[in-house]
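Please read the structure below before turning to the comments.
Ligands are counted one by one from 1 in listed order, and the atoms in each one are counted from 1 as well. These numbers come from a predicted model, not from an experiment. Only this structure's heavy atoms are used, side chains among them; waters, hydrogens and symmetry mates stay out.
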Amino acid sequence: MVDQNKIEEAIGLLLEGIGEDVTREGLKETPARIARMYRELMSGMEEEPADYLSRRFSVESNEMVLEKDIVFYSMCEHHLMPFYGKAHIAYIPDGYVVGLSKLARTVEVFAGRLQIQERLTAQVADAIMNELKPQGVMVMVEAEHMCMTMRGVKKPGSKTVTVAVRGIFEEKQELQNRFLACLGRQGI
Ligand code: ZN
């Protein structure tokens, strides 16, 4: 559970640390405002992917299901700065599918925690494998990291691409290729 009092206290200290006057007009409400904001940004701390993936529907044919361009916003755990972009998910059912919005929900659950992009990608793939139990899943995440663009190496527009493959996607290169072709890509 997100402790808003602690966050409020910490932001007050952060402002003092910067050398700010925490009593001035513009900053008076800032610690409380940020505490409320973090509750929203870290909403994934209070959710599990099973909340969304446990409701399955049976299907006759096991054709690839692909949901692309799932927009997400997350926070990097190294700098507490946003990273954001798109996730693409494909899976080969094994008799069952989930509602399409549930794939986006699964991304939201994990994006709503402090993250690194590599782990976010793997967690989405593993949650789908564990809950839906398809024949295989492939997840690609492309994101821009504010900690790369606003500070440090300052490379605006640069994107980090991460991929996770599980099950039948690991064994069959042609399935990976089909997924990439659906995204309009020739390779990773
Ligand atoms: Zn970072």
Side-chain angles (χ1 to χ4, degrees), residues 1-20 22 26-27 29-53 67-90 102-130 137-166 169 176 179-180 183-185 187-188:
M1 187 75 182
V2 173
D3 183 334
Q4 288 184 244
N5 289 331
K6 267 196 177 160
I7 296 172
E8 213 173 310
E9 240 175 87
I11 296 300
L13 286 173
L14 174 69
L15 292 170
E16 281 176 22
I18 292 169
E20 269 291 355
V22 290
L27 291 178
E29 297 296 321
T30 298
R33 195 181 295 115
I34 291 188
R36 287 194 298 275
M37 180 183 75
Y38 263 85
R39 176 118 205 242
E40 187 183 336
L41 297 182
M42 295 294 113
S43 61
M45 296 293 286
E46 289 159 30
E47 293 184 309
E48 289 301 328
D51 301 345
Y52 299 106
L53 294 174
E67 185 73 7
K68 65 176 185 175
D69 297 332
I70 301 168
V71 174
F72 74 90
Y73 297 85
S74 189
M75 294 283 270
C76 117
E77 69 184 16
H78 296 142
H79 303 92
L80 300 192
M81 289 188 84
F83 69 97
Y84 50 89
K86 289 174 179 173
H88 317 290
I89 301 172
K102 303 303 185 281
L103 298 177
R105 289 286 182 206
T106 302
V107 173
E108 271 176 20
V109 168
F110 291 115
R113 303 175 183 181
L114 294 183
Q115 276 293 3
I116 61 171
Q117 186 179 328
E118 294 87 336
R119 189 173 63 224
L120 170 66
T121 312
Q123 283 178 331
V124 170
D126 289 334
I128 293 167
M129 280 308 274
N130 294 336
V137 62
M138 183 161 176
V139 179
M140 178 186 278
V141 175
E142 327 178 56
E144 189 169 328
H145 293 244
M146 290 301 281
C147 61
M148 289 263 296
T149 57
M150 195 176 164
R151 58 159 290 286
V153 292
K154 290 197 176 130
K155 289 282 174 267
S158 73
K159 290 233 170 97
T160 305
V161 179
T162 47
V163 175
V165 286
R166 302 287 184 270
F169 276 93
Q176 296 190 23
F179 172 80
L180 295 170
L183 300 181
R185 285 169 168 267
I188 295 162

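Here H145 fails the criterion, with no N, O or S atom under 2.8 Å of the Zn ion (ligand 1).
The N, O or S atom of H79 lying closest to the Zn ion (ligand 1) is ND1.
Within a 6.0 Å radius of CZ in R105, no more than 12 heavy atoms belonging to other residues, nucleotides or ligands are found. At most 12 heavy atoms of other shown residues, nucleotides or ligands fall within 6.0 angstrom of atom CE in M45.
Contact annotation: the side chain of F179 never approaches that of V165 to less than 4.5 Å [non-hydrogen atoms, C-beta and beyond].
Ring geometry, F83 versus H145: the interplanar angle falls under 30°, so the pair is classed parallel (tilted spans 30 to 60°).
When SG of C147 and SG of C76 are joined through the Zn ion (ligand 1), the resulting angle is 130° to the nearest 10°.
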